[in-house]
Amino acid sequence: MAQKPAIPKGTRDFLPTEVAKRNFMFATIKEVFRRYGYAPIETPSFELSSTLLGKYGEEGDRLIFRILNSGEKMRKADLDALAQDNLPRFANSLAEKALRYDLTVPFARFVVQHQNDLTFPFKRYQIQPVWRADRPQHGRYQEFTQCDVDVVGSDALMYEVELVQIFDEVLSKLGLPGFSIQINNRKILSGIAEVCGETARIVDLTVALDKLDKIGDEGVVTELEQKGFTAESIEKIKPLFHFEGTNEAKLNLMRAYLAESEIGLKGLDELSEVFAQINELGLQRGELIFDLTLARGLNYYTGAIFEVKAQGVKMGSICGGGRYDDLTALFGLKGLSGVGISFGADRIYDVMTELSLFPKELDRTLDILFVNFGSEEAKYCMKLLREVRNLGIAAELYPNAAKMQKQFKYANDRNVAYCVVIGAEEAAAGMLSFKNMETGAQEQLSSADFLTKCGQLF
RNA sequence: GAGGUUGUAGCUCAGUUGGUUAGAGCGUCGGAUUGUGGUUCCGAAGGUCGCGGGUUCGAGACCCGUCUUCCUCCCCA
C-alpha cells in the first residue's frame with residue numbers, strides 16, 4: 001500500500017455536504033452586503049512581502065506565510081545576514097512574496113493602486129481565504145476564509161452604525177440565537193494612556209487591559225508590573241477595573257475619568273453617537289456592548305474597534321473590525337479614512353454546526369432518482385429526465401440496472417426526496433411509480449401528471 | 001515562538017510486566033432477497049500499529065528524532 005496521503009496542519013478538505021453549508025452561509029452574507037450597497041472585489045492570494053510585512057506588528061510578521069523564491073532567484077539569498085544571525089533579513093532575501101494574512105491590508109493596497117478608477121466613498125466586500133502560520137487550535141486554522149466589508153473615503157460615523165447593523169443582520173439571519181457586538185474606540189484607549197501618563201506605552205497598556213475578563217484585576221496588575229509600569233500609573237488604571245453597568249453608565253463613568261483628555265473625550269463622543277443611533281434603530285438578536293478593555297492587537301485601528309462573540313459556545317471572537325485612518329497612507333495615499341469589519345466564516349460555521357443551525361435540506365444534493373431497469377426503460381427515463389431538469393430539479397438516472405435494493409440504498413445515502421420507478425409494468429401502461437422516500441408512499445402517475453407534480457413540489 | 005498532549009482498519013476505540021498469526025463495534029462489499037430503501041441474519045474484504053532511527057533473541061508497547069491531533073500561553077477569525 002502506498003504512503004497514506006495527508007494535508008498540512010491547520011487545513012481541511014470539505015465534503016459536498018460541508019460545501020453546501022458553507023455556500024449557504026456565504027450566500028446569506030453576500031445578500032446582506034449587497035443590500036447595504038457593497039460590491040465584491042477580489043485580490044491575489046499572495047502579495048509582495050513588502051506589502052504585508054510590518055503591518056500587523058511583530059507577532060503578525062511571524063505568522064505570515066512566505067513564498068520561497070524559485071530558480072535562479074534563490075541566488076539572491078543574503079548569506080551575510082544569515083552569518084550575522086539576522087534571520088528576518090535573510091528570510092526577506094529568500095522570499096519576495098507572501099500569502100495574504102488578512103483582507104484589509106491588501107484592500108488598502110488595492111485602493112491606493114486603483115484610486116483613479118474608484119468612486120469614493122468606496123464600498124466593497126471581499127470573501128476569500130487568508131493564511132496564517134499559527135498553531136492550530138479549536139476554531140483556529142492555518143487556512144480560513146474571511147468575509148470583509150469596508151468603506152473608505154469617508155469618516156462619517158454613519159458607517160460605524162451601518163456596520164453594526166450588518167453584524168446584527170447577518171448573524172441573525174444565520175440563526176445565531178444570541179451574540180454580543182463589543183465596541184470600543186482607540187481614542188478612548190489613547191485617552192486612558194494619557195490620563196495615566198503612559199502615552200508612549202499605549203500598546204502594552206491596552207494589551208494588558210484587554211485581558212481583564214480573562215486574568216482578573218490582579219493578573220492585569222501583575223502584567224503591568226512586569227512590563228515596568230510604575231505603581232503610580234497602575235493606581236490610575238485601577239478604577240477602570242470596576243467600570244460596570246449599562247453602556248450609558250459606563251460612558252458616564254468614562255466621561256469623568258477622561259475629563260482631562262481631549263482625545264479621550266472625542267472617542268467618547270463618537271461612541272455615544274453610535275449608541276444613540278443604534279438605540280434609535282434597534283437590533284434584531286445582537287447586543288451592542290461598550291467594552292472599554294477591548295483593544296485588539298492590530299495597531300492600525302484609530303477609531304471604533306469591534307469584536308463579536310457568539311453566546312452559548314466556547315469559541316473566540318467570530319468577527320472583528322474597526323476604523324483605520326492611516327492605512328492607505330502606508331501605501332502613499334493620505335487623508336483617506338476607512339472602516340470595516342470581517343466575518344470569520346470558519347468559526348461561524350463551527351458555531352452553527354455546534355448549535356445545529358444549518359437547514360436540514362442542505363444535505364440534499366439530489367431531488368429525484370430514476371430507478372434503472374435496463375436499457376429500454378433507461379431511454380424512456382432519459383427523456384423524462386430532460387424535462388425534469390428543465391424544471392430546475394436535481395435529478396439523475398441510476399447508471400445501470402442494478403438490484404433495486406442497491407438502487408434504493410443509493411437513494412437513501414444521497415438523501416433523495418423521491419424515486420421514480422419505470423419498469424415493464426409501468427411502461428406498458430404508460431405510467432410511472434412516484435415514491436416519496438421519507439414516507440414510503442407511492443403513487444401511479446402519467447408522465448404528464450408527474451411533470452405537473454414536480455413543478456408543484458419543487 | 002514556549003509548554004503539554006495525541007496517533008492502532010474508512011470511522012470510534014481495545015490491545016495486560018516487551019513474547020506465537022494485532023482485535024471489537026460501526027461503516028463498506030457480497031449473500032439470504034430476479035420489482036421496492038432505513039430493520040434483521042449470514043459471510044467477506046480491509047492494518048508497513050503516523051514516519052525514521054535506536055535498545056532487545058524478540059517492539060504496537062521502551063528510548064531518540066520528526067510529522068500530526070487536541071489543549072494552555074502568545075496572538076487572533
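A, B, ... follow the sequence lines: proteins, then strands. Residue 1 opens every chain.
- Out of rU72(B), rU33(B), rU36(B), the shortest distance to the side chain of V421(A) is found at rU36(B).
- The aromatic rings of F450(A) and F370(A) sit perpendicular to each other, their planes meeting at more than 60°, with 30° as the lower class boundary.
- For K409(A), counting side-chain heavy atoms from C-beta on, the closest listed nucleotide (rC74(B), rU28(B), rU36(B)) is rU28(B).
- Within 4.0 Å of C319(A), counting heavy atoms only, lie sugar-phosphate atoms of the nucleic acid but no base atom.
- Contact between the side-chain N/O atoms of K435(A) and the OP1/OP2 oxygens of rU36(B) is not found at any separation under 4.0 Å.
- The aromatic rings of Y101(A) and Y56(A) lie tilted to each other, with the angle between the two planes from 30° to 60°.
- Nearest nucleotide to the side chain of L63(A), out of rC75(B), rA77(B), rU34(B): rC75(B).
- In this pair, F358(A) and Y349(A) present their aromatic rings tilted. The plane angle is within the 30 to 60° band.
- Comment: R12(A) does not engage E143(A) in a salt bridge, judged by the lack of any side-chain N to carboxylate O separation of less than 4.0 angstrom.
- Between the base of rU36(B) and the side chain of Q407(A) there is no donor-acceptor pair shorter than 3.5 Å.
- Within the shown strands, rG1(B) is the pairing partner of rC73(B) under the Watson-Crick or G-U definition, both distances less than 3.5 Å.
- Candidate nucleotides rC75(B), rA77(B), rG1(B) were compared by shortest atom distance to the side chain of R132(A), and rA77(B) ranks first.
- Contact annotation: K214(A) does not reach the phosphate of rC75(B) (side-chain N/O to OP1 or OP2, under 4.0 Å).
- Ranking rC74(B), rA2(B), rU33(B) by closeness to the R140(A) side chain, first place goes to rC74(B).
- Considering only side-chain N and O atoms, K211(A) lies under 4.0 angstrom from the phosphate OP1 or OP2 of rC74(B).
- Nearest nucleotide to the side chain of K9(A), out of rA77(B), rU69(B), rU36(B): rU69(B).
- Here the nucleotide nearest the side chain of R135(A), chosen from rA32(B), rC71(B), rU36(B), is rC71(B).
- The listed nucleotides are rG35(B), rA32(B), rG37(B); the one nearest the side chain of F408(A) is rG37(B).
- The gap from the C1' atom of rG7(B) to that of rG60(B) amounts to 11 Å, rounded to the nearest Å.
- Residue Q137(A) places at least one side-chain N or O closer than 4.0 Å to OP1 or OP2 of rU72(B).
- At least one test fails for R285(A) against the ring of F179(A): distance under 6.0 Å to the centre or angle within 45° of the axis.
- Distance noted for atom P between rA77(B) and rG3(B): 26 Å (whole Å).
- Side-chain atoms of E58(A) and base atoms of rG1(B) include no donor and acceptor less than 3.5 Å apart.
- When the P atom is used for both rG27(B) and rU69(B), the distance is 28 Å, rounded to whole Å.
- Pairing partner, rC41(B): rG31(B), with both Watson-Crick or wobble hydrogen-bond distances short of 3.5 Å.
- Between rU34(B) and K406(A), no contact under 4.0 Å exists linking OP1 or OP2 to a side-chain N or O.
- The pairing partner recorded for rC49(B) is none, the criterion being a Watson-Crick or G-U wobble arrangement whose two distances lie under 3.5 angstrom.
- A side chain to side chain contact (heavy atoms under 4.5 Å, CB included) with F107(A) is found for exactly one of D148(A), T328(A), V152(A), namely V152(A).
- Of the candidates rC71(B), rC74(B), rG35(B), the closest approach to any side-chain atom of F373(A) belongs to rG35(B).
- The base-pairing partner of rU16(B), taking Watson-Crick or G-U wobble contacts with both distances under 3.5 Å, does not exist among the strands shown.
- Listed candidates were rG35(B), rA77(B), rG38(B). Nearest to the side chain of R347(A) is rA77(B).
- Side chain of R389(A) to backbone of A395(A): a donor-acceptor contact under 3.5 angstrom is found.
- Here the separation of rU33(B) from rC51(B), taken at their P atoms, is 44 Å to the nearest Å.
- Remark: the separation of the P atoms in rC29(B) and rC71(B) is 34 Å, to the nearest Å.
- When the C1' atom of rA77(B) is taken as reference, atom CZ of F26(A) falls 12 Å away, rounded to whole Å.
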